[in-house]
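Only heavy atoms go into these numbers, but all of them, side chains included; no hydrogens, no water, no symmetry mates. Just follow the structure's listing: the first ligand is 1, and inside any ligand the first atom is 1.
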Amino acid sequence: MPDPHVPAAGPRSPAAGRPDPGLPLDPGVLLDLDREHVWHPYGPMPSRQQPLVVASASGVRLRLAAPAEGRDELVDGMSSWWSAIHGYRHPTLDEAARAQLDRMSHVMFGGLTHEPAVRLAARLVEITPEPLRHVFLADSGSVSVEVAVKMCLQYWRSLGRPGKHRLLTWRGGYHGDTWQPMSVCDPEGGMHELWSGVLPRQVFADAPPPGFDAPPDAGYARRLRDLIGEHAHELAAVIVEPVVQGAGGMTFHSPEYLRVLREACDEHDVLLVFDEIATGFGRTGELFATGHAGVSPDVMCVGKALTGGYLTMAAALCTSRVAEGISRGEVPVLAHGPTFMGNPLAAAVACASIDLLLGQDWALEVKRIESGLREGLAEAARLPGVRDVRVLGAIGVVQLDHPVDMAAATRAAVRSGVWLRPFRDLVYTMPPYVTGDEDVARICAAVTEAAAQG
Ligand SMILES: *Cc1c(COP(=O)(O)O)cnc(C)c1O
């Protein structure tokens with residue numbers, strides 16, 4: 001008798017039946033297959049929430065395969081997690097992808113090089129703060145943070161100080177979901193609390209006092225300096241998100257603390273890493289958030305908006321001091337080389353996206369959205385259950401005094417014709433820079449609605 005609990009050997013067809021490759025999937029079948037087989041971000045398996053099916057997107061609108069809450073089109077309030085700064089199907093980016101597709105989609109980067117990657121690296125060096133000079137192209141933000149950390153640890157190892165292998169960060173941060181990045185994410189209440197006994201133990205300072213415009217807290221700054229000094233002998237680097245802590249809680253802090261970090265790191269011989277994966281490419285009103293402080297890090301990560309949200313690519317940039325330090329070591333190479341390193345398709349679109357951004361008065365667009373968000377979200381501050389409303393650049397945040405009911409809040413936003421993805425106690429938006437004033441107002445109304453429902 002076959003054991004009923006052991007599936008029969010051999011290939012299994014999907015539970016919902018094998019879809020006909022020639023036909024578009026019926027949305028119902030698609031959702032069955034999705035639930036049965038596909039992991040979603042931070043989700044259980046099988047999923048407990050039904051995602052919306054997007055058939056296509058253009059400009060700032062997502063077109064749904066089947067209506068939800070009576071809507072078949074949603075204004076995108078998320079820029080696909082900070083990335084789609086120019087909106088969807090931008091003709092310039094579509095054309096860049098197509099032109100590169102006609103040359104080659106990919107070729108390995110070991111022993112070979114190509115124009116899109118070289119142009120992109122040179123462009124990144126040009127637009128990021130001096131003295132960042134060398135570029136490691138990675139395939140996702142988390143991997144670029146892994147590379148940044150490896151650079152820092154290897155730098156000290158090469159200089160004969162392998163004891164400097166820990167990292168210091170402040171609480172409330174988020175740096176990605178792979179192992180090293182997880183170890184510097186907020187250790188409490190965050191997404192990685194489960195792993196607290198297993199991850200490398202890093203040094204945590206208190207979260208920076210909130211408020212972009214708040215006068216810097218001298219006591220906090222002193223404690224930060226002291227902690228860096230106290231642990232300097234074992235610290236490879238300090239790593240933080242400059243000015244905006246994103247997925248760790250959507251908080252803003254005074255740029256002054258970045259100057260404090262720069263001084264303390266110089267004084268105590270510790271490297272400084274800025275993770276600009278969320279903040280880069282204009283989101284906070286400066287091209288890079290470190291521009292608010294006028295300091296430059298030794299290593300900097302960029303990602304998310306790098307390709308305008310088209311393809312996955314990130315980069316870790318470093319100074320000549322770091323690169324030369326590594327190259328003087330016993331093992332003079334940086335042993336990292338992702339299969340898809342420097343992917344030509346992603347690099348070509350990234351170049352086009354950067355040109356598109358810098359070819360317009362992007363700062364004015366971000367300011368325009370900032371005023372729209374300030375005006376449109378003001379009323380949310382008076383809602384019961386709302387703790388704080390804050391806006392910086394093209395980022396608007398409504399913080400509740402309780403965990404958001406994600407399903408109810410999402411439904412409320414969709415009813416208002418807007419796509420939002422609330423989490424923890426936050427309903428927030430970072431719209432594409434091409435979002436028109438009416439759509440910004442609509443997003444604000446939806447955020448307010450979602451905050452009231454959630
Ligand atoms: C999203 C994010 C990452 C991780 O990037 P992935 O591309 O998702 O791996 C790292 N740091 C910050 C600040 C981010 O916002």
Side-chain angles (χ1 to χ4, degrees), residues 39-43 78-85 128 136-152 167 169-187 190-192 199 202 207-208 237-253 257-258 261 272-284 286-290 292 297 299-317 336 338-341 343 346-347 349-350 353 392-395 397 421 423-424 426 428-430:
W39 286 104
H40 282 267
Y42 310 106
M78 300 304 290
S79 297
S80 285
W81 277 334
W82 313 83
S83 66
I85 52 175
T128 51
F136 189 103
L137 295 170
D139 33 16
S140 76
S142 300
V143 172
S144 76
V145 174
E146 296 279 359
V147 170
V149 170
K150 193 186 273 190
M151 282 175 173
C152 295
L167 303 171
T169 186
W170 47 37
R171 287 174 188 270
Y174 176 78
H175 297 281
D177 300 333
T178 60
W179 216 246
Q180 282 290 352
M182 275 205 290
S183 76
V184 280
C185 289
D186 193 276
M191 293 181 270
H192 306 313
L199 289 169
Q202 313 294 11
V238 170
I239 177 169
V240 298
E241 295 157 280
V243 177
V244 175
Q245 293 184 296
M250 299 298 295
T251 55
F252 313 146
H253 55 257
Y257 301 124
L258 305 175
L261 290 179
L272 180 58
V273 182
F274 284 164
D275 178 348
E276 292 254 14
I277 291 169
T279 49
F281 304 101
R283 182 57 67 179
T284 68
E286 289 278 341
L287 191 55
F288 295 97
T290 181
H292 291 290
V299 179
M300 181 164 135
C301 295
V302 295
K304 288 201 162 99
L306 174 62
T307 65
Y310 268 54
L311 288 146
T312 175
M313 179 173 265
L317 289 90
H336 215 103
T339 306
F340 289 99
M341 185 168 178
N343 177 256
V349 178
S353 175
L392 179 69
I395 308 168
V397 183
R421 183 76 174 156
F423 76 109
R424 277 163 57 174
L426 303 161
Y428 69 112
T429 178
M430 56 288 203

* Return the protein residues near ligand 1 (heavy atom under 4.0 Å from any of its atoms), ordered by chain and residue number. => Ser140, Gly141, Ser142, Tyr174, His175, Gly176, Glu241, Asp275, Ile277, Ala278, Lys304

* What pairs with Arg171 under salt bridge (charged side-chain N to carboxylate O under 4.0 Å, His left out), at least two apart in sequence or on another chain? -> Glu188

* Under 4.5 Å between any side-chain heavy atoms of Glu241 and His253, yes or no? -> no

* **Residue list, ring pair (Phe, Tyr, Trp, His ring centres under 6.0 Å) with Trp81, at least two apart or on another chain** => none

* Residues that His40 engages under ring pair (Phe, Tyr, Trp, His ring centres under 6.0 Å), provided they are two or more places apart -> none

* Please confirm whether the backbone N or O of Met430 pairs with a side-chain atom of Ser79, one donor and one acceptor, at under 3.5 Å? => yes

* **Nearest non-hydrogen partners of Ala289 and Val243, listed with the distance** => O-CG2, 3.7 Å

